[in-house]
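A, B, ... follow the sequence lines: proteins, then strands. Residue 1 opens every chain. This is a predicted model, so every value here is computed, not measured.
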Number of protein chains: 2
Amino acid sequence: MKAPRDVPNALLESLKSLGLTKYEALVYIGLLRVTGATATEVHEISGVPRASVYPVLDRLVQKELVSVSHTTPKRFDAVPPDQGVENLMRRIESDAEGARTVLDALYREKRPEARDSQEQIWTIYGEENIRARLAGMFRSAERSVEVLATWDLLQESVLALLEPVPDSVQVDIVTDCWKGERSSRFGIHILPLATLRETRCAPGKLLPYESSGVFLVDDARALLWLGAGDEQRSALYSESAGLVLFVRRHITSVTEWARTTGQ
Amino acid sequence: MKAPRDVPNALLESLKSLGLTKYEALVYIGLLRVTGATATEVHEISGVPRASVYPVLDRLVQKELVSVSHTTPKRFDAVPPDQGVENLMRRIESDAEGARTVLDALYREKRPEARDSQEQIWTIYGEENIRARLAGMFRSAERSVEVLATWDLLQESVLALLEPVPDSVQVDIVTDCWKGERSSRFGIHILPLATLRETRCAPGKLLPYESSGVFLVDDARALLWLGAGDEQRSALYSESAGLVLFVRRHITSVTEWARTTGQ
DNA sequence: ACCTTGTTGTTTTTCAAGCAACAACATTTA
DNA sequence: TAAATGTTGTTGCTTGAAAAACAACAAGGT
């Protein structure tokens, strides 16, 4: 009889998000530590009330996480973890696949309805979402793409997205340095590091803004990528005339500066 | 103002298993059908009580399924389905990864404790689990592997698992037919279809058992794969002397018969 | 007679779901 | 300008459903 050794809370949460209840998680974890336990032993090991152990074990068998012996009393055994987690994931993934299909159908029904959305300013959370939006902007470019970003951000997340931009679109990039081959397709301007990466905000205080960027497409769509420290990445996107104009001015002034100083 | 068109129940269930609540699912689905809706519009579209819409939208933003505009009033927009589902899956997969790691650590702590587990008969549910166990049996083979299975089962699920068996182990296979190249490593016996696939159980009644198999390793470990119609696949595994002996006799008799009749 | 297994039914707890009311603010109307 | 009206966003409370926890008992084995 082992102590119901207490279980890391994070583990319980993880298993819950895989579709298990607290009891199911506790019983499965308990079973991993022994071989062929009876229901009562499971109760002792996991700390789950004995009466609750039976329905829980039934569900776990149903979910292909434990196997049952044909003896009396029944004995239970856990499926090895990676096999078990795999089994859970398979269900979830098939659900995800189904959901994606149906949702996509609904999504396509939406009338494009360009309407007055161009007056809004959107915040986008999550790096993946930001990159997706950036990709969309670049893909829709017809005349010009302007990029003002730190090199690390460029390197990591932006350059790849610029690939599909056709040659007919003028692409200008301002950054703080450049490593590797400089594509002849782009107009590239290098600006001293101090200016881009740090901004003097108060007398003597430096406000470092790491991994940030400004993007402008066709003078009509702008995205501000705010690399907020360790918080969740976020960005602003807008087609509003006001914000676009602001970004337009910002980029122009920085570019001008680059031309007079840097070059 | 659109009707809160009713939503397929299966879709709600799928989204729940991806970690959304009913409200979260309804709001997200509703948002997919419009562009830049206000909280009140979301309430009208989704049928979710207006007061509940705010916390729900907060959570959806947190989960990277919707983006918010910086206007007043705030406007909300859904991220495209495959992007959104992707975002949900990423979280779940990272949970799965974490859980697998921790569980594996616990699993390895288990003393091998071979104990009297060889007297038990285990039932295994789910094709994946059965195959995993079979693979384990084959991997542990030291002298002999005997297989008695219908060709379709062999072909689909078994032959691949026999790959890692070393040449020093004698492998015998009895099946109802053989298509393709016959590996010289195996002793192969063909037995007429009627015998293997159908079994006369009552006078005149035939009991077809499709996709079933019997496996015996080193005369010590046996697995019975029961291809139960459309129900969940299941199997029996045992190291118990009784069951092993039974399987031993069964295979021997069938093999004998094959030798006298078929050949 | 005693203990263990397995089952059933009931209570408690927890969290989502649903509802009512209100402060803040903007828009309209007198 | 002031009152009337309406909308946004919040707070707190009630309802309801599912899991968690407990109590009690029939069946069977020693």
Choose from dG6(C), dC22(D), dG9(D) the nucleotide whose nearest atom is closest to any side-chain atom of Pro73(A). dG6(C)
Of the listed dC19(C), dT8(D), dT7(C), the closest approach to the Ala51(A) side chain comes from dT7(C)
Can Arg248(B) and Thr252(B) be counted as having a side-chain donor-acceptor contact under 3.5 angstrom? yes
Checking side-chain polar atoms at under 3.5 Å, does Gln83(B) have a donor or acceptor matched by the opposite partner on Asn129(A)? yes
Between Lys74(B) and Ala37(B), is there a donor-acceptor pair closer than 3.5 Å when you use the side chain of the first and the backbone of the second? no
Donor-acceptor contact present, side-chain Ser14(B) to main-chain Ala99(A), <3.5 Å: no
Just to be sure I understand the geometry, which residues of residues 21-28 of chain B put a non-hydrogen atom under 4.0 Å away from DNA chain C? Thr21(B), Lys22(B), Tyr23(B)
Interatomic distance where [atom1] belongs to [X] and [atom2] belongs to [N] [whole Å]:
{"X": "His43(A)", "N": "dC3(C)", "atom1": "NE2", "atom2": "P", "value": "16 Å"}
{"X": "Tyr54(A)", "N": "dA21(D)", "atom1": "OH", "atom2": "C1'", "value": "16 Å"}
{"X": "Leu12(A)", "N": "dA19(D)", "atom1": "CG", "atom2": "P", "value": "16 Å"}
{"X": "Glu13(A)", "N": "dC15(C)", "atom1": "CD", "atom2": "C1'", "value": "13 Å"}
{"X": "Arg50(A)", "N": "dG6(C)", "atom1": "CZ", "atom2": "C1'", "value": "7 Å"}
{"X": "Lys74(B)", "N": "dC25(C)", "atom1": "NZ", "atom2": "P", "value": "14 Å"}
{"X": "Lys16(A)", "N": "dA16(C)", "atom1": "NZ", "atom2": "P", "value": "10 Å"}
{"X": "Leu20(A)", "N": "dA18(D)", "atom1": "CG", "atom2": "P", "value": "18 Å"}

Are the side chains of Ser17(A) and Asp95(B) in touch, meaning some heavy atoms are under 4.5 Å apart? yes
For Thr101(B) and Asp104(B), run side-chain contact (heavy atoms from CB on, under 4.5 Å): C-alpha distance rounded to whole Å, both residues' side-chain angles, the deciding distance at 0.1 Å, then the answer. CA-CA 5 Å; Thr101(B) 309; Asp104(B) 235 42; 5.9 Å; no
Residue-phosphate contact under 4.0 Å: Thr40(A) side-chain N/O, dT5(C) OP1/OP2: yes
Between Pro55(B) and Arg59(A), who's closer to the 5' end of DNA chain D by nearest nucleotide? Pro55(B)
Can you tell which of Val27(A), Leu26(A), Leu32(A), Val34(A) makes a side-chain contact (heavy atoms from CB on, under 4.5 Å) with Ile45(A)? Val34(A)
